[in-house]
Amino acid sequence: MRRRTGGAVLGASVLALSAFFSAPAHAAPDASCGVLAPGASATAQAAVSAACSQIGVWYSWGGGHGPTPGATYGYYDGSDPDSAHDNERKGFDCSGLMRYAYYQATGKDLLNGTADDQFRSSQAAARFSASQGTAPLLPGDLMFWGSGHVHHVAMYLGGGQMVEAYESGTHIRVAPVRTGGDYAGAVRINGSGTPTPPPANGGTTFETWGTGVRTHSTPSVRSSVVDTFPGPTQVSVQCQEHAETVSAEGYTNDIWSKLADGSWLTNIYIKGPAELPGIPDCGGSSTPPPTGGSKAHQTWGTGVRTHSEPNVNAVVVDYFAQPTTINVVCQAHAQEVTAEGYTNDAWSKLTDGSWLTNIYIEGPAWLSDVPTC
């Protein structure tokens, strides 16, 4: 039997190498995938719907275990030849799909972990032994396989069917339930939650983390406080932009999100990458207040990287997907760079200590208002 798994070390990510292996366009919904029996809670039914929406997406080892639930590129599991291209396939492994389904159903990341973690989840409202078979199961219940260590999970649909991310080289599918072999039993996830409400004003719902988190009237920690979140909560994000650089909780980020009430929240406290996927720019970046005698300048171009040293081979510190405002402390002659039809050996040091070639800073090759480092 080919190896099936509940996931891998969280936070791993690999760049896609070939568009050929990216997630395929969704086919027409599989008529066999859905709630096939009565009795499930509204949350469980919403989880079934979310899982079924991914029919046809690649299985990918480690897929679905990014900072925010959703399809990600996986990586080679180290043993299964069919997994060799998982770093080129955007999709889910078995537990990543369950995590995504219940996140969509509740708006909360209840199942962030491997199949083994999910089998032992504190979110369980009921547990069923392998000997009970499918008789007591309802749509949305999670079915597990493994002896000692659980290695696979699927979602029961009713009528003897389940939806699963099965193994490398396959796509998310509906299959008949399997209660033989090393079937370990099932878990019913706490159904007290309700499906995520539609975002306000056309925004996108994200979850915050941390305690005592404040929103502000402008994208600056020095502006007036609009609201305080005592614990994690859902927010509706309208747009985001580069503004004041903030360091907190071991992270540094200059991106702020505008919420439905018009207030601003640093992206540090929003679950997900530093720049939230699918969220538009607010239509112009606010100039952050210069610090330490720095000078505000505007970048140009897309996909611009800053580095730990004035060298394109040095570690990448930040990535500007679009033009943004930066604070330049000083500049120096260093590695000569040729890009976008320009050649320049001038680099600017930014307030976060990173370096950016002056090619991507609007103005002359040597910035007239910035001192030498």
Side-chain angles (χ1 to χ4, degrees), residues 6-7 10 23 26 29-30 32-57 63-72 91-115 117-128 136-144 153-159 161-165 172-174 177 186-200 203-209 231-237 270-272 276-278:
L10 304 185
H26 290 193
D30 188 334
S32 67
C33 195
V35 176
L36 304 181
S41 69
T43 299
Q45 291 184 55
V48 168
S49 178
C52 288
S53 73
Q54 301 304 301
I55 290 290
V57 171
H65 291 292
T68 301
T72 62
F92 299 89
D93 66 14
C94 61
S95 58
L97 178 62
M98 301 303 109
R99 179 194 182 201
Y100 170 79
Y102 269 94
Y103 176 77
Q104 290 296 307
T106 67
K108 298 178 180 179
D109 196 3
L110 302 179
L111 299 175
N112 187 359
T114 67
D117 296 327
Q118 293 173 355
F119 183 62
R120 294 164 173 75
S121 174
S122 62
Q123 302 295 330
R127 296 181 181 276
F128 307 96
L137 301 189
L138 296 174
D141 289 349
L142 304 187
M143 304 179 70
F144 295 90
V153 59
M155 181 179 290
Y156 187 65
L157 301 175
Q161 301 291 304
M162 62 186 185
V163 58
E164 64 179 344
I172 295 172
R173 68 183 193 181
V174 172
V177 297
V187 169
R188 181 166 298 152
I189 300 302
N190 189 336
S192 61
T194 56
T196 306
T204 301
T205 299
F206 285 87
E207 180 128 354
T208 69
W209 65 281
T233 188
Q234 290 181 27
V235 292
S236 181
V237 176
I270 300 178
K271 287 184 178 179
L276 300 177

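This is a predicted model, so every value here is computed, not measured.
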Spatial distance of atom [atom1] ([X]) from atom [atom2] ([Y]) [nearest 0.5 Å]:
X    : Y    : atom1 : atom2 : value
S41  : N190 : OG    : CG    : 8.5 Å
F144 : Q118 : CZ    : CD    : 5.5 Å
D117 : M98  : CG    : CE    : 14.5 Å
L111 : I189 : CG    : CD1   : 4.5 Å

Legend entry - E164/M155 under side chain to side chain contact (heavy atoms under 4.5 Å, CB included): CA gap, chis, key distance, verdict: CA-CA 6 Å; E164 64 179 344; M155 181 179 290; over 6 Å; no

Legend entry - Candidate pair I172 and F92, rule side chain to side chain contact (heavy atoms under 4.5 Å, CB included), full reasoning: CA-CA 8 Å; I172 295 172; F92 299 89; 3.7 Å; yes

For [X] against [Y], the heavy-atom pair lying closest together:
X    : Y    : value
C52  : G34  : SG-N, 3.4 Å
A101 : A47  : CB-O, 3.4 Å
P38  : P139 : O-CD, 4.3 Å
A50  : S53  : O-OG, 2.6 Å

Legend entry - Minimum side-chain heavy-atom gap L137-M143 below 4.5 Å: yes

For [X], enumerate each residue passing the side-chain contact (heavy atoms from CB on, under 4.5 Å) test, keeping only those at least two apart in sequence or located in another chain.
X    : result
L138 : D141, R188
S49  : none
D109 : P69, R99, Y103, N112, K271
Q161 : L36, L157, V174, P176

Legend entry - Contacts of type side chain to side chain donor-acceptor pair (under 3.5 Å), residue R127, not counting sequence neighbours: none

Inset, instruction - Only counting residues at least two apart or in another chain, list the ones meeting ring pair (Phe, Tyr, Trp, His ring centres under 6.0 Å) with Y156. - result: none

Legend entry - Test side chain to side chain contact (heavy atoms under 4.5 Å, CB included) applied to Y102 and L142, step by step: CA-CA 11 Å; Y102 269 94; L142 304 187; 4.1 Å; yes

Legend entry - Audit row: S121, L110, side chain to side chain contact (heavy atoms under 4.5 Å, CB included) steps and yes/no: CA-CA 9 Å; S121 174; L110 302 179; over 6 Å; no

Inset, instruction - Taking T72 for its side chain and G64 for its backbone only, find out whether a donor-acceptor pair lies under 3.5 Å. - result: yes

